[in-house]
Amino acid sequence: MFLDMEGAIKNIIIISSISVGIILVNFILINYQLKIENEKQTTLMYEKYLPIIDELMNEIRAKQHEFDNHIQSLRMLATVGGDCEEINYSIKDYIEDIDLNTDTRSLLKLDNKILAGFLFSKIKKSREKNIEFYINIENYGFKTCLKDYELIEIIGNLIDNGFETGVEDNIVILTLKKEGDMNVIEIKNKHPYLKNDLIKYMFTPGYSTKSSSKRGYGLSNVKNILGKNNGNVTVSNESIDDENYVVFKILIP
C-alpha cells in the first residue's frame with residue numbers, strides 16, 4: 001500500500017498548528033477572564049469602601065469643631081486667671097477631652113484610600129463590639145505587590161480573627177510599617193498562650209479553634225494569597241503588660 005509521507009507530514013503540521021492555536025487562544029481567554037475578574041474585584045472594593053471615607057471626613061470635622069470649642073475655653077481659662085492649682089486641673093481635664101482620635105486622623109494620611117476606608121469600617125465594628133482597636137501607621141505610602149482586594153482580604157481576615165477570640169477586655173493592635181524592602185503588616189491581639197504544635201495547624205484549610213463550621217478558611221486564604229505573591233507569615237506569642245498576645249507578622253514585597 002502506497003503511503004503518502006509528504007501528505008501525512010503536512011496533516012501533522014496542520015493539526016499541530018491548530019492545537020497550538022487553540023492552546024494560545026485558551027491562554028489569552030483565561031488571562032482576559034482573570035483580568036476582568038481582578039477589575040471587577042477592584043471596582044467592588046472602590047464601591048464599598050470609598051464612600052466610607054466620607055463618613056471618616058465627617059467624623060474628623062465634628063471632632064475638629066469640638067476641638068476648636070475646647071481651645072476657646074482654654075484661652076478663657078488663661079485670660080481669667082485664678083488659683084493655679086485649679087487652672088492646672090482644668091487644663092489637664094480639657095487636654096484629656098480634646099484628644100482627637102489618633103487612629104481616624106492617621107487614616108486620612110494613607111495613600112491607599114481603599115485601605116483607609118476599610119480600616120475605618122473596622123474601627124466602627126470594634127466600637128460596636130467594645131473592643132479596643134489601635135492602628136499604628138509608620139508607612140503612610142503603604143504599597144505592595146498585592147491587588148487591593150487581596151490586601152483587604154489578608155488584613156480583614158487577621159483583624160476579624162483578633163476580634164472574634166472571645167477574650168475578655170480584648171485589645172487588637174494593627175501596625176503598618178516597612179522593614180528593609182519588605183512591607184510589614186503586624187496584628188496583635190490578647191489571647192491565651194499558643195503552643196507551637198497548635199500554631200503549625202492554624203493555616204490548614206478547615207482548621208479552627210472556633211465552633212462554627214463556617215470558620216477555618218480565613219487563615220488558609222491568607223497563606224494562599226501570600227504564597228502567590230512571595231509573601232510570608234509568622235505567628236508568635238508576645239507578653240505585653242503581663243498579658244499574652246498572639247502576633248501575626250506578614251512580610252510582603
Side-chain angles (χ1 to χ4, degrees), residues 31-64 100-129 131-164 172-189 217-233 247-253:
N31 277 342
Y32 179 74
Q33 289 172 350
L34 289 174
K35 183 179 179 182
I36 293 297
E37 182 62 27
N38 288 337
E39 290 176 352
K40 179 181 177 182
Q41 293 286 354
T42 301
T43 300
L44 289 174
M45 287 289 126
Y46 274 93
E47 290 176 350
K48 184 174 183 179
Y49 294 114
L50 278 184
I52 298 177
I53 293 293
D54 291 333
E55 293 182 45
L56 174 59
M57 291 296 296
N58 289 333
E59 177 165 318
I60 294 296
R61 289 191 189 102
K63 291 285 186 180
Q64 184 64 48
L100 289 174
N101 190 305
T102 304
D103 291 342
T104 50
R105 281 186 300 162
S106 64
L107 293 182
L108 292 178
K109 300 178 185 178
L110 264 176
D111 288 347
N112 189 329
K113 299 309 177 188
I114 294 293
L115 180 58
F118 170 74
L119 291 178
F120 184 61
S121 73
K122 291 302 180 183
I123 289 175
K124 292 170 62 179
K125 185 176 180 181
S126 70
R127 292 170 182 169
E128 295 170 2
K129 291 178 169 287
I131 294 173
E132 292 185 51
F133 179 40
Y134 301 101
I135 300 174
N136 302 320
I137 302 177
E138 300 177 17
N139 178 19
Y140 289 100
F142 196 82
K143 294 180 181 178
T144 73
C145 61
L146 299 177
K147 296 175 179 64
D148 281 339
Y149 68 86
E150 292 177 320
L151 181 63
I152 295 303
E153 183 168 354
I154 286 176
I155 296 180
N157 273 315
L158 294 180
I159 291 176
D160 289 343
N161 194 62
F163 281 1
E164 296 167 5
V172 179
I173 305 168
L174 167 67
T175 300
L176 302 177
K177 58 184 179 179
K178 198 165 186 176
E179 292 181 0
D181 294 331
M182 302 295 281
N183 294 286
V184 179
I185 302 168
E186 189 174 77
I187 296 183
K188 306 177 182 181
N189 61 272
Y217 291 92
L219 293 180
S220 175
N221 290 339
V222 168
K223 187 175 182 181
N224 288 337
I225 292 172
L226 292 173
K228 293 187 296 183
N229 293 277
N230 298 316
N232 186 41
V233 57
V247 182
F248 288 84
K249 185 174 182 179
I250 290 177
L251 299 175
I252 309 170

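When all heavy atoms of L107 and A116 are compared, the closest pair comes out as O-CB, 3.4 Å. Heavy-atom minimum distance, N139 versus L110: O-CD2, 4.3 Å. When all heavy atoms are compared, the tightest approach of I131 to F163 is CD1-O, 3.5 Å. What you find for N183 and K143 is that their closest heavy atoms are ND2-O, 2.8 Å.
Looking at I185 and T175, their side chains never come closer than 4.5 Å, going by heavy atoms from C-beta outward. Between I252 and C145 the shortest side-chain heavy-atom distance falls below 4.5 Å. For the pair D148 and L115, the minimum side-chain heavy-atom distance is 4.5 Å or more. Residues E153 and N221 are in side-chain contact: their nearest non-hydrogen atoms beyond the backbone lie under 4.5 Å apart. With contacts defined as side-chain heavy-atom distances shorter than 4.5 Å, the pair N232/I250 does not qualify. I137 places a side-chain heavy atom less than 4.5 Å from the side chain of I135. The closest side-chain heavy-atom distance from L219 to F248 is below 4.5 Å. Inter-residue side-chain proximity for I155 and F118 is flagged as met; some heavy-atom pair is nearer than 4.5 Å.
Rounding to the nearest 0.5 angstrom, the gap separating the CD1 atom in I159 from the CD1 atom in I173 is 12.5 Å. Interatomic distance, OG1 of T144 versus NZ of K178, reported as 10.5 Å (0.5 Å rounding).
Residues K249 and E179 are paired through a salt bridge, judged by an N-O separation under 4.0 Å between the basic side chain and the carboxylate.
N112 contributes a side-chain N or O that, together with a main-chain N or O of I114, makes up a donor-acceptor pair within less than 3.5 Å. At least one donor-acceptor pair under 3.5 Å links the side chain of N229 to the backbone N or O of I225.
For F142, the ring-ring contact (aromatic ring centres under 6.0 Å, His included) test picks out no residue, with sequence neighbours left out. Qualifying side-chain contact (heavy atoms from CB on, under 4.5 Å) partners for K228, counting only residues two or more places apart in sequence or in other chains: E150.
Atom NZ of K177 has more than 12 neighbouring heavy atoms from other residues, nucleotides or ligands inside a 6.0 Å radius.
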Pair L174, F133 - check side chain to side chain contact (heavy atoms under 4.5 Å, CB included), show working.
CA-CA 8 Å; L174 167 67; F133 179 40; 4.1 Å; yes

